[in-house]
Amino acid sequence: MNCTKCKTKAVIGLPRHNAAFCKNCFNGFVHDQVARAIKSEWMFGKEDRILVAVSGGKDSLALWDILLKLGYRADALYVNLGIGAYSEQSHAKVTKFAEAVAASHGAMLHLHTVEQEAGAGIKELAQLIHRPTCSTCGTIKRYQFNRVAIEQQYDVMATGHNLDDEAARLLGNVLHWQEEYLDKQSPSLPASVEGFAKKVKPLYRLSERELAAYAVLNRIDYIVEECPMAKGSKMLQYKEVLNRLETESPGTKQTFYWGFLDKQSKKQPTATTMAEKDRAVLHPCTSCSQPTTAEVCSYCKMMARAGTAKS
Ligand code: AMP
Ligand code: FES
Ligand code: ZN
């Protein structure tokens, strides 16, 4: 198998693009897909300060690497969730990568430790407030991503969600007809109200397999294990189904998710009307000032319940 572009020996085949690439041309392909995502979804420019949420996994570390190599001003945030050996290992991978990019690009890492602020790790916290671990974790991560982006005055916050993540999420939202989630499933969400950071997903054009290949080829040392709490989750089931379809018909995930984005862009209310809608329902949390639809935001409610349960 030879590289479609330069005809030297290929290291990876991409059935959905009917192509194969050598390492150099593959890196070019990956960087090009990210550059296209940034441009077509108006994510950010070269002057903007970007905060990348990094988990220690392949996607988010690859995203940080790619943005720096494309010449963007990108720092990162790691949230230590306190999930035993999994958090220890992912923390170590992030720190090692951060040290390398601090030396090569002057980029910096912010760190938030759940245990320090909440007095317990995610698992104990979820038990205290009688909620599933993953939804407790989701609330905390979303809150901290936004908080650090706003407090440290970043222009935009980026996550490493890839094509597989977004296609699986779309499948879940369609299966349960969650229309309000469908409306917000865009790779670029504006900072609709004061206190909310702009949020983007620059990897939505790249698959999980392509990002794993990118990380390996570029010697990015990432944590291979999934979070132990995610075992058997609905998201993993949707991913498995989509992978089966993809093997039979390469390009299925792309047609599904990009097709959805195309249809949304035709019917989507403009960013201004979305912002108007948000402004009508959101106001500052009486406890922490982050925008919320209730009087007290779900993070502050969670912390209050955890505090009461402990005392
Ligand atoms: P996940 O929800 O685990 O699929 O992760 C989706 C994205 O959220 C990742 O690509 C990261 O950008 C971000 N993320 C997940 N976990 C963390 C974490 N502990 N700290 C910082 N960012 C994270
Ligand atoms: Fe949040 Fe696993 S990453 S519970
Ligand atoms: Zn609050």
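Atoms within each ligand, like the ligands themselves, are counted from 1 in listed order.
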May I ask you to check whether Lys253 and Asn243 show a side-chain donor-acceptor distance below 3.5 Å? yes
Thr159 neighbourhood, listing ligand 1 atoms whose heavy-atom distance to it stays under 4.0 Å: 12 (O)
The closest protein heavy-atom partner of atom 17 (C) of ligand 1 is Ser55 CB, 3.4 Å
Please say whether Lys141 places an N or O atom under 3.5 Å from an N or O atom belonging to ligand 1. yes
Less than 4.0 Å between atom 22 (N) of ligand 1 and some protein heavy atom, yes or no? yes
Among all protein heavy atoms, pick out the one at the shortest distance from atom 11 (C) of ligand 1; state its residue, atom name and that distance to 0.1 Å. Ala53 O, 3.1 Å
Could you find the nearest protein heavy atom to atom 9 (C) of ligand 1 and give me its residue, atom name and distance? Gly160 N, 3.9 Å
Determine, for Asp278 against Lys184, whether the closest basic-nitrogen to carboxylate-oxygen distance falls under 4.0 angstrom. yes
Has Val54 got any heavy atom lying under 4.0 angstrom from an atom of ligand 1? yes
Pair Arg36-Ser40, side-chain donor/acceptor within less than 3.5 Å: no
What's the shortest distance from atom 2 (Fe) of ligand 2 to any protein heavy atom, and which residue and atom give it? Cys227 SG, 2.1 Å
Starting from atom 6 (C) of ligand 1, find the nearest protein heavy-atom neighbour and note its residue, name and distance. His161 NE2, 3.3 Å
N or O pair under 3.5 Å between Leu81 and ligand 1: no
For ligand 2, which atoms, with element, lie under 4.0 Å from some heavy atom of Lys141? 1 (Fe), 3 (S)
Please determine if Glu246 and Lys239 form a salt bridge, counting it only when a charged side-chain N lies under 4.0 Å from a carboxylate O. no
Kindly indicate, with the supporting measurements, whether the criterion side-chain hydrogen bond (donor to acceptor under 3.5 Å, both in side chains) is fulfilled by Asp65 and Tyr214. CA-CA 10 Å; Asp65 174 90; Tyr214 181 86; 2.6 Å; yes
Going by distance alone, is a donor N or O of one side chain under 3.5 Å from an acceptor N or O of the other, for Tyr299 and Gln144? yes
His176 side chain to Gly172 main-chain N or O, any donor-acceptor pair under 3.5 Å? yes
Enumerate the atoms of ligand 2 whose separation from the nearest heavy atom of Met229 is less than 4.0 angstrom. 2 (Fe), 4 (S)
What is the ring orientation for Trp64 with Phe97, classed by angle as parallel under 30°, tilted 30 to 60°, or perpendicular over 60°? tilted
So the atoms of ligand 1 within less than 4.0 Å of a heavy atom of Phe145 turn out to be 13 (C), 14 (N), 21 (C), 22 (N), 23 (C)
Once rounded to 10°, what is the value of the angle centred on the Zn ion (ligand 3) between Cys288 SG and Cys300 SG? 110°
Does His112 reach the main-chain N or O of Phe145 with its side chain, forming a donor-acceptor pair under 3.5 Å? no
Counting backbone and side chain alike, does Cys137 bring an N/O/S atom below 2.8 Å of atom 2 (Fe) of ligand 2? no
Checking contacts now, so for atom 19 (N) of ligand 1, which I'm interested in, is there any protein heavy atom under 4.0 Å? yes
Flag, side chain of Asn162 to backbone of Tyr204, donor-acceptor distance under 3.5 Å: no
In ligand 1, which numbered atoms sit nearer than 4.0 Å to a non-hydrogen atom of Ser60? 10 (O), 11 (C), 12 (O)
Between Tyr78 and His91, what is the ring plane arrangement, given parallel below 30°, perpendicular above 60°, and tilted in between? tilted
Answer with side chain, backbone, both or neither: which part of Leu77 has a heavy atom less than 4.0 angstrom from an atom of ligand 1? backbone
